[in-house]
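What follows is a set of notes on a single structure, which appears directly below.
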2 protein chains.
Amino acid sequence: MKHPLKQHIEEIIKLTDEEFEFILSHFETIYKRKHQYLLQKGEIADKEYWIVKGCLKSYFFEESGKEHILQFGMENWWITDYESFVKQSKSKINIDCIEDCELLYITFENREKLTKEMHKMERFWAKKSKFGRIALQNRILSLLKNSSKERYDLLLEQYPKLFQRVPKKLIASYLGVSRETLSRLNS
Amino acid sequence: MKHPLKQHIEEIIKLTDEEFEFILSHFETIYKRKHQYLLQKGEIADKEYWIVKGCLKSYFFEESGKEHILQFGMENWWITDYESFVKQSKSKINIDCIEDCELLYITFENREKLTKEMHKMERFWAKKSKFGRIALQNRILSLLKNSSKERYDLLLEQYPKLFQRVPKKLIASYLGVSRETLSRLNS
DNA sequence: TTCAGAGTGTGATATTTAGCACAAATTTTT
DNA sequence: AAAAATTTGTGCTAAATATCACACTCTGAA
């Protein structure tokens, strides 16, 4: 059976088994339990995580104490504070497990090393970065263009599983509406 | 005097004069007048533009006919429909000149070619892509966290020149509020 | 099983914002 | 210089959303 990470990378770039083993040697596995965190505000994100199993949120608090979800993470997604990781600067956000999680991570140093050692991975991450940017652009488009109700429907359509796994108030926070308003959107 | 594009690229990667000349040979200059367009919805963005002089907007229309500004472009910025350019797919957006413009552009093919021929430029664009993604992430953060008034103040602080160059209704559209609401934010 | 905490739905009200109308100011075109 | 078009501010009203309050459900721990 093919390793899920190999499968994931091969959606973009074909790999020999040896190449994949080499890549994998730059990663470590880690297990985290529900409510544990991967990153806290003020820390420097020195790892990028690939989610084998589980569900996570990246979020931050407004001065008022209101929580805003920036991103959810589920199986086969990457998660980190991208800004902190790239710039090696202090993070503005937190990342927590919503469920028990199995994660593969690569450190900043290992990723730099791997990028230099293996041009295929430089291309892989370049492409990932491009697609990530496109996804963010479309989220902005949606925030500008669509009503709350429309954003709710689009999210439900795109990630139906998310609604079974995470509390609605987190969905509300991701969409940028209050939980009460979200609760009333269906009626 | 150093070419402004050389100066721009050297903020990320140092270049010899020969290297820069080689890079520049992949670009063409084009002049456009106010109200002319660079890209229309449905076309494929086959060029990426670097703005030597002038001001532009990338935007799209809601079904209702409401205009939403995705991005402004001014001197030393790049502009294109990133999604369409990267995927070579049909664009959802339009790009118009708000002022008379002088632009340098590189075609998709030339950029691919240059990326392969010159590893420094692969790194340059990878870095650009990363920073672009971070900027978009921060815009989402701001859309979730800040009130209209706060977003207005932040934009004014970051790009004061923009407010002298483009009509307020376009600023409103960029911030995601109606022009009437924007007009009332200061009082 | 029981109990505490988290999650959820809904009424009432306050706040924010949009949308329309119109007049004044400014810019562009002829 | 005059005319036309665009931009801007502001009063008014309607719609969307936030906020507070409270009851009910569900889940996990003791």
Check: D:dT17 base within 3.5 Å donor-acceptor of A:Arg151 side chain: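 In this structure, the two groups form no donor-acceptor pair.
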Any A:Ser148 side-chain N or O less than 4.0 Å from OP1/OP2 of D:dA16: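 Checking D:dA16 against A:Ser148, no side-chain N or O comes under 4.0 Å of OP1 or OP2.
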Phosphate OP1/OP2 of C:dG19: any B:Lys66 side-chain N/O under 4.0 Å: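 Result: yes.
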Axis-to-axis angle between the two ends of the helix from C:dT1-D:dA30 to C:dT30-D:dA1 (five base pairs per end, rounded to 10 degrees):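 Rounded to the nearest 10 degrees, the bend comes out at 50°.
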Rounded at 0.5 Å granularity, tell me how far [atom1] in [X] sits from [atom2] in [Y].
X: A:His68; Y: A:Tyr174; atom1: NE2; atom2: OH; answer: 14.5 Å
X: B:Leu56; Y: B:Asp96; atom1: CG; atom2: CG; answer: 8.5 Å
X: A:Tyr82; Y: B:Arg133; atom1: OH; atom2: CZ; answer: 4.5 Å

Salt bridge A:Glu75-A:Arg165, side-chain N to carboxylate O under 4.0 Å: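 Result for this pair is yes, salt bridge flagged.
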Salt bridge flag under 4.0 Å for residues B:Lys53 and B:Asp100: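 Not counted as a salt bridge, because no side-chain N and carboxylate O are separated by less than 4.0 Å.
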In whole angstrom, give the distance that lies between atom [atom1] of [X] and atom [atom2] of [N].
X: A:Arg184; N: D:dA16; atom1: CZ; atom2: P; answer: 14 Å
X: A:Ile98; N: C:dA6; atom1: CD1; atom2: P; answer: 16 Å
X: B:Glu62; N: C:dG19; atom1: CD; atom2: C1'; answer: 13 Å
X: A:Gln164; N: D:dT27; atom1: CD; atom2: P; answer: 14 Å
X: B:Tyr152; N: C:dT17; atom1: OH; atom2: P; answer: 15 Å
X: A:Leu182; N: C:dT8; atom1: CG; atom2: P; answer: 9 Å
X: A:Arg33; N: D:dG28; atom1: CZ; atom2: P; answer: 13 Å

Counting only heavy atoms not in [X] (residues, nucleotides, ligands), do more than 12 fall under 6.0 Å from its [atom1]?
X: A:Phe61; atom1: CZ; result: yes
X: B:Lys161; atom1: NZ; result: no
X: A:Phe163; atom1: CZ; result: yes

Connected-component partners of A:Phe27 among ILVMFWY, side-chain separation under 4.5 Å: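 Joined to A:Phe27, directly or through intermediates: A:Leu5, A:Ile9, A:Ile12, A:Ile13, A:Leu15, A:Phe20, A:Phe22, A:Ile23, A:Leu24, A:Trp50, A:Val52, A:Trp78, A:Leu104, A:Ile106, A:Leu114, A:Met118, A:Met121, A:Phe124, A:Trp125.
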Linked hydrophobic residues, B:Phe85 as query - side chain contacts closer than 4.5 Å: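 Cluster partners of B:Phe85: B:Phe108.
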side-chain hydrogen bond (donor to acceptor under 3.5 Å, both in side chains) involving B:Tyr105 - partner list, sequence neighbours excluded: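 Expected list: none.
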Neighbours of DNA chain C within residues 165-181 of chain B, by heavy-atom distance under 4.0 Å: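 Of all residues in residues 165-181 of chain B, the ones placing a heavy atom under 4.0 Å from DNA chain C are B:Gly176, B:Val177, B:Ser178, B:Arg179, B:Glu180, B:Thr181.
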For nucleotides 26-30 of chain C, list the nitrogen or oxygen atoms of the protein found under 3.5 Å from its nitrogen or oxygen atoms, one pair per line.
from: C:dT28; atom 1: OP1; to: B:Lys34; atom 2: NZ; distance (Å): 3.3

